[in-house]
A.B. asks: 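Just passing along the structure, written as structure tokens.
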Amino acid sequence: MAEYEACILGLRLAVNMNIQELLVIGDSDLLVHQVLLEWATKNTKILPYLHCVQELIKRFINIEFKHVPRIQNEFADALATKSSMIQHPDKNFINHIPIGIHKQPAYCAHAKAKFDKNLWFHDIKEYLEKGDNPENATHTQKRTL
């Protein structure tokens with residue numbers, strides 16, 4: 001039912017934008033084949049959703065449904081993850097999600113660490129032994145230590 005809900009919302013959005021031709025790519029094998037009437041719909045709870053999709057399909061000049069395996073649908077998974085993190089007080093409102101496609105991969109900023117020949121716990125050990133903070137420690141670093 002959740003897959004049908006998402007499909008209906010997307011189709012309604014396309015109708016509201018006066019889109020005449022649409023390619024619907026989904027990772028729900030069941031939904032795609034039921035909408036194309038290739039598979040029977042046995043669950044009576046899904047029938048109203050299917051009828052709603054069929055009515056919305058009539059509003060397009062050309063509409064095509066294609067199934068893409070979930071493993072190959074990384075973009076949809078990323079959008080689903082991002083949209084699940086966005087909460088709006090009005091449940092009927094959908095926030096605009098800006099999407100950018102980069103020509104090259106994004107990498108984290110490379111930081112060159114200065115290695116001072118001390119182990120990671122050196123400052124902690126010094127503090128426990130002497131009770132003094134490192135010489136160049138900031139206020140935050142002192143509080144953390």
Side-chain angles (χ1 to χ4, degrees), residues 1-128 133-134 136-145:
M1 287 187 266
E3 299 283 351
Y4 271 98
E5 289 277 351
C7 181
I8 290 167
L9 284 173
L11 291 174
R12 284 184 179 159
L13 180 64
V15 167
N16 290 341
M17 295 173 65
N18 295 318
I19 293 173
Q20 300 295 311
E21 295 185 19
L22 185 65
L23 171 61
V24 180
I25 301 173
D27 58 15
S28 172
D29 205 23
L30 182 68
L31 182 140
V32 171
H33 287 289
Q34 286 177 343
V35 167
L36 295 174
L37 303 175
E38 296 172 348
W39 291 358
T41 307
K42 296 177 184 175
N43 186 341
T44 56
K45 293 180 182 177
I46 292 180
L47 285 173
Y49 292 100
L50 179 60
H51 293 305
C52 182
V53 171
Q54 293 295 339
E55 287 301 312
L56 287 167
I57 286 173
K58 294 176 184 175
R59 307 213 28 207
F60 296 92
I61 292 172
N62 184 23
I63 187 167
E64 186 179 344
F65 284 79
K66 284 191 175 183
H67 174 255
V68 175
R70 189 173 302 254
I71 193 99
Q72 295 174 359
N73 203 1
E74 295 168 348
F75 185 69
D77 283 344
L79 282 177
T81 301
K82 187 167 185 172
S83 67
S84 70
M85 294 186 288
I86 299 170
Q87 294 183 5
H88 196 278
D90 180 4
K91 299 294 181 193
N92 294 323
F93 181 84
I94 299 174
N95 282 327
H96 173 73
I97 300 174
I99 300 169
I101 298 174
H102 299 280
K103 295 183 180 184
Q104 59 187 11
Y107 295 100
C108 295
H110 294 283
K112 294 185 179 179
K114 294 179 183 175
F115 186 67
D116 60 3
K117 299 180 185 174
N118 293 324
L119 297 173
W120 66 269
F121 57 84
H122 174 75
D123 292 339
I124 298 170
K125 184 179 174 190
E126 288 287 311
Y127 178 77
L128 291 173
N133 288 300
N136 298 327
T138 64
H139 178 69
T140 305
Q141 290 170 331
K142 290 176 184 177
R143 286 184 55 207
T144 302
L145 189 56

A.B. asks: Sequence neighbours left out, what pairs pass ring-ring contact (aromatic ring centres under 6.0 Å, His included) with at least one residue falling in residues 15-36?
C.D. replies: H33-W39

A.B. asks: Just wondering, do F65 and L23 contact through their side chains at under 4.5 Å, heavy atoms?
C.D. replies: no

A.B. asks: Determine the sole option in I63, V15, N62, I57 for which the side-chain contact (heavy atoms from CB on, under 4.5 Å) test with L22 is passed.
C.D. replies: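 The option that passes is I63.
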
A.B. asks: Under the rule for ring pair (Phe, Tyr, Trp, His ring centres under 6.0 Å), what residues qualify as partners of H51, not counting sequence neighbours?
C.D. replies: none

A.B. asks: Taking the side chain as C-beta and beyond, is there a heavy-atom pair between C7 and L31 under 4.5 Å?
C.D. replies: yes

A.B. asks: Got V24 and L11 here, is their nearest side-chain heavy-atom distance under 4.5 Å?
C.D. replies: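 Side chain of V24 against side chain of L11, heavy atoms only: contact under 4.5 Å found.
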
A.B. asks: Quick check for you: to the nearest 0.5 Å, what is the distance between L9 atom CG and Y4 atom OH?
C.D. replies: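 Answer for the CG-OH pair, L9 versus Y4, is 14.5 Å.
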
A.B. asks: Kindly compute the distance separating CG (L47) from OG1 (T41), expressed to the nearest 0.5 Å.
C.D. replies: 5.5 Å

A.B. asks: Please determine, by modelled atom types, if Y49 and E3 share a side-chain donor-acceptor pair under 3.5 angstrom.
C.D. replies: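 Y49 vs E3: no donor-acceptor pair found between side chains.
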
A.B. asks: Determine whether K66 and V32 make a side-chain contact, defined as any pair of heavy atoms from C-beta on separated by less than 4.5 Å.
C.D. replies: no

A.B. asks: Show every ring-ring contact (aromatic ring centres under 6.0 Å, His included) that has at least one partner inside residues 5-24, sequence neighbours left out.
C.D. replies: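 Output for this query is empty, none listed.
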
A.B. asks: Just so I know, are the side chains of Q54 and L37 near enough to count as touching, which here means a heavy-atom distance under 4.5 Å?
C.D. replies: yes

A.B. asks: Is C52 close to E5 at the side-chain level, that is, under 4.5 Å between some pair of heavy atoms?
C.D. replies: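 No, side chains not in contact.
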
A.B. asks: Going from CG on L30 to NE2 on H67, what distance comes out if it is rounded to the nearest 0.5 angstrom?
C.D. replies: 10.0 Å

A.B. asks: Which is it for Q34 and S28 under the side chain to side chain contact (heavy atoms under 4.5 Å, CB included) test, yes or no, and what are the steps along the way?
C.D. replies: CA-CA 10 Å; Q34 286 177 343; S28 172; over 6 Å; no

A.B. asks: Looking at I61, is its backbone amide N or carbonyl O close enough to the side chain of E21 to form a donor-acceptor pair, meaning the two atoms are under 3.5 Å apart?
C.D. replies: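 Checking the backbone N and O of I61 against the side chain of E21, no donor-acceptor pair under 3.5 Å is found.
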
